[in-house]
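Contents: one structure, followed by commentary.
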Amino acid sequence: MNCAKILNSIKSVFNKVINFLIFFFTKTVPTFFSENFYITTGKNIKVIGLVVTAVLETLVLMTLPKFTALDFNAKWVLLAIALFLPLVVGVEIAYTIRVKKETLHKVLTFVALAFMPLVSITMTECLNNIFVYNMTYLGFIANYVLVLIFYFIVYALSGSMRVSILTNSAVLYGFALAHAYVSDFRGTPFIPMDFLSISTAVGVANTYDYSFTPIMVIATEIFLFLIVLGIKFNMPKFSVVSKVITRLSMGLFSFTLMIVFFFTSFFADLGIKPDFWNQSRGYRNYGFAFSFFCNTKYLYMSEPEGYNPDDVSDIISSNVSDKNDDPPTVINKNAPNIICIMNESLSDLSVLGNLETNEDYMPFMRSLTENTIKGNLFVPVIGAGTSNTEFEFLTGHTTAFLPSGSNAYMLYIKDHIGSVVSTLKGQGYSALAFHPYYAGGWNRVSVYNNLGFNMFKSLENLFDVTLMDEYVQNGSNPDYLQSLMEQYYPDRNMLLRQYVSDAYNYEVLIEDFKNRDKSVPFFAFNVTMQNHGGYTTSCVNFEETIFATSTTKAYNKANRYLSLVKKSDDAFKGLIEYFSTVEEPTVICMFGDHQPSVETDFISEVLGVNNLVNLSVEDEQKRYMTPFFIWANYDIEEKQIERLSANYLSSLVLETAGVKLTEYNKYLLNLMETLPVINTVGYIDKDGNYYRWSDSSPYTKLLDEYEKIQYNNIFDRKNINMETFYLPDYVMPEIEIDTSNTQSEGVIK
């Protein structure tokens, strides 16, 4: 069917709908209609309506394969709705219905005001990938009331129903559309804290697929319906007194509710709050607008109940056992070098359940046993939020005690803070941070300075980053970027897809080790980039060799990800082989920051569940598992640790290296024996019992004490207990991180 025929078909249906509506309003109820309403139109406005209808129908036809590919029976209903709504919008544009009688006009205005939130939440929940009838009753009522309050507030401020409809529709659509993309990209909802990481998101935004899905098409049609309605909305004539009373009443009602919500616990006590421990479940049960808005209340950190800074030392002393006696202070060049690597999105997805592949995707890591401690690491995030795992590792703190959805790097690290960096620097170590992507991501320049790093190397040091600008300007095509690299750096094999490969990352790390100041022991913290999300396209520089053989169908994103893990395994093997030849004692820790965001159907199938909603706590924790390895090029005791959360890992590294520990490190190692896992999902005790944060357990006192200690280090700067978080005689540095090597044309020699 050619375009001319399509347009003629649309025009024919369009005219039939118009004729039917005219017949209905003028023939079926002629007396009522003629007495109360009249229709206005014009030739030009009809043409506009027809054009808009044609454009929207074309959009539906362009996404037709995605409609037919949906795996549920309602797909034909959705397609019918998507094809019908453009006609509604076109008719809405072409014809305007006016009310003759002012009394009826006023009544219909209030009816419309009551109707608008229903249409709005239908739009937002469409982008939330659910229908309003899938929500809980509380969720539906809460969203309806909340959106109605938004309409009240804008009307109270502007005095215009038109402004209220247009403003709220645009804001709700924009936020909900962002949620739809974020949920698709990383598998977790869009939360208020994401605004603080927008610069980081922009840096990787070009790696994702932004094409419209069926739900986005329908939501956009509803949005346009609201916009046209807003533009055409005609307010009845109210007296000045009536307008003032109405606006004051709406404003007072709305702002009173806002004050009660934000500054009291009244609504929280009624259960009106986010699903803190499973935001995805909360967004599904209680809707997008309600869940997003409720999260805004919890962006600030309140003091733990019963907190007293004078109690910190007592808590520490009562929980540190004699077995944590210190070794001699290490301040000489014979101390072991320590290299810690947080590998982007590295995970073993077989922990989810039955996963078989054509060949092992991490054979070297599985085979690594000699002089090795390894196991399963439980992290705080899925699919994204790298810096929260990084925060837990470097500080020994848990994000479980921070406001749900918050990001420590963006909000809380505003001053020097005790960490593994300060502990090693207090013993004479150098301190290098290295991340082969933009330095500005996750506020790292400021954070690394506050953590105590001497130097931070980033993407800007590896090659001329103006090439990245050219790459973005040319459609963010990874193959084009590879061609640029081959042109300007023919002697280097730096990229895998559009990111610096683990192999090249380790080449740079080894070069830094060779060029280190040999008069002091070496400490480096490296965050890799190779496996970062955006698994939608193939690239000429990436041979995809691994695929799942146990799944019912091929999952392209998952298979591409597994092939990347095999590349990480090969690269890590090369790194270990190099340091096996190094004479100086060296400890290497490597761990994954989170599991990837691949097809949810793949995750469900491997887990053996129908969907990812309302998982058992055991299955939910599986999604937060990554591998960790602590290897030394000298004799250490081998261990297999089945459960360990990221907040303990750096203390375990320090203990393995035999360096001096802070009182906080000792406290964590002691707590680890009772509660080896504490993360945002919940906690697991030494006997393998799983708990959610909402569960009652015998560990409430231990967790409360841990939270108070953490609060003292992060938030109570005036009363920080120095002897807990720092080694004796540690002097708080007054330094700025050395970024003299960070320049757009900087190149590692």
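The figures here come from the full heavy-atom set of this structure, side chains too, leaving out hydrogens, waters and symmetry mates.
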Can you check whether [X] reaches [Y] side chain to side chain, under 4.5 Å on heavy atoms?
X	Y	answer
K374	T369	yes
L349	V606	no
F542	R560	yes
L575	I339	no
K686	L675	no
E707	Y307	no
H416	S422	no
H435	E390	no

Exercise for review: Determine whether more than 12 heavy atoms belonging to other residues, nucleotides or ligands lie under 6.0 Å from atom CD of Q640.
Suggested key: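 Enclosed.
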
Check your understanding: Is the number of heavy atoms from other residues, nucleotides or ligands within 6.0 Å of CD (E618) greater than 12?
Key ->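 Yes, the 6.0 Å shell around CD holds more than 12 heavy atoms from other groups.
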
With a 3.5 Å distance limit and no angle check, can you tell me whether [X] reaches the backbone of [Y] through a side-chain donor-acceptor pair?
X	Y	value
Q427	P521	no
D569	M365	yes
E642	G375	no
T586	E584	yes
N633	V582	yes
N689	D685	no
R444	S387	no
N670	V320	no
N721	V312	no
K660	L727	no

Any idea which heavy atoms bring [X] and [Y] closest together, and the distance?
X	Y	answer
I546	D360	CD1-O, 4.3 Å
I316	E663	CG2-CB, 3.8 Å
R643	V677	CB-CG2, 3.7 Å
K457	V508	NZ-CG1, 4.4 Å
W442	G385	CZ2-CA, 4.2 Å
F522	D512	CE1-O, 4.2 Å

Check your understanding: What about F401 and Y711, are their ring centers closer than 6.0 Å?
Key ->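 Not under 6.0 Å, so no.
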
Which class fits the ring pair [X] and [Y]: parallel under 30°, tilted 30 to 60°, perpendicular over 60°?
X	Y	answer
Y706	Y664	tilted
F629	F572	tilted
Y699	Y683	perpendicular

Could you tell me if [Y] and [X] have a donor-acceptor pair between their side chains, going purely by distance under 3.5 Å?
X	Y	value
N559	Y535	no
N454	S430	no
T662	N665	yes
T528	Q530	no
E344	T386	yes
Q621	Y690	no
N531	Y499	no
S697	D695	no
Y561	S347	yes

Could you measure the distance from the [atom1] atom of [X] to the [atom2] atom of [Y]? Nearest 0.5 Å is fine.
X	Y	atom1	atom2	value
T395	F725	OG1	CZ	10.0 Å
E392	D593	CD	CG	11.5 Å
L402	T680	CG	OG1	10.5 Å
N713	T724	CG	OG1	9.0 Å
N679	N647	CG	CG	8.5 Å
L496	M529	CG	CE	12.5 Å

Exercise for review: Test E723 against S313 for side-chain contact (heavy atoms from CB on, under 4.5 Å), laying out the working first.
Suggested key: CA-CA 8 Å; E723 59 267 26; S313 294; 3.6 Å; yes

Point to revise | Among W631, Y634, F513, ring pair (Phe, Tyr, Trp, His ring centres under 6.0 Å) partner for F579 | key: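 Among the candidates, only F513 passes.
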
Check your understanding: Does the salt bridge (charged side-chain N to carboxylate O under 4.0 Å, His left out) test come out yes or no for D570 and K566, once each step is laid out?
Key -> CA-CA 6 Å; D570 294 340; K566 181 59 168 63; 2.9 Å; yes

Check your understanding: Taking only residues two or more places apart in sequence or in another chain, which ones pass side chain to side chain contact (heavy atoms under 4.5 Å, CB included) with T656?
Key ->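 T656 satisfies side chain to side chain contact (heavy atoms under 4.5 Å, CB included) with I373, I630, I636, L652 only.
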
Exercise for review: Could you please spell out the steps behind the side-chain contact (heavy atoms from CB on, under 4.5 Å) verdict for N337 and R516?
Suggested key: CA-CA 11 Å; N337 302 300; R516 72 192 186 283; 4.2 Å; yes

Review point. Under the side-chain contact (heavy atoms from CB on, under 4.5 Å) criterion, do F523 and F453 qualify, and how do the steps go?
Key: CA-CA 10 Å; F523 168 60; F453 284 105; 3.9 Å; yes

Exercise for review: Step by step, work out the salt bridge (charged side-chain N to carboxylate O under 4.0 Å, His left out) result for R692 and E620.
Suggested key: CA-CA 10 Å; R692 295 189 187 275; E620 192 170 353; 2.6 Å; yes

Check your understanding: Checking side-chain contact (heavy atoms from CB on, under 4.5 Å) for the pair F391/V447: CA distance, chi angles, key distance, verdict?
Key -> CA-CA 10 Å; F391 163 79; V447 169; over 6 Å; no

Check your understanding: Mind checking what makes ring-ring contact (aromatic ring centres under 6.0 Å, His included) contact with F378, not counting sequence neighbours?
Key ->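 F378 satisfies ring-ring contact (aromatic ring centres under 6.0 Å, His included) with no residue once adjacent residues are dropped.
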
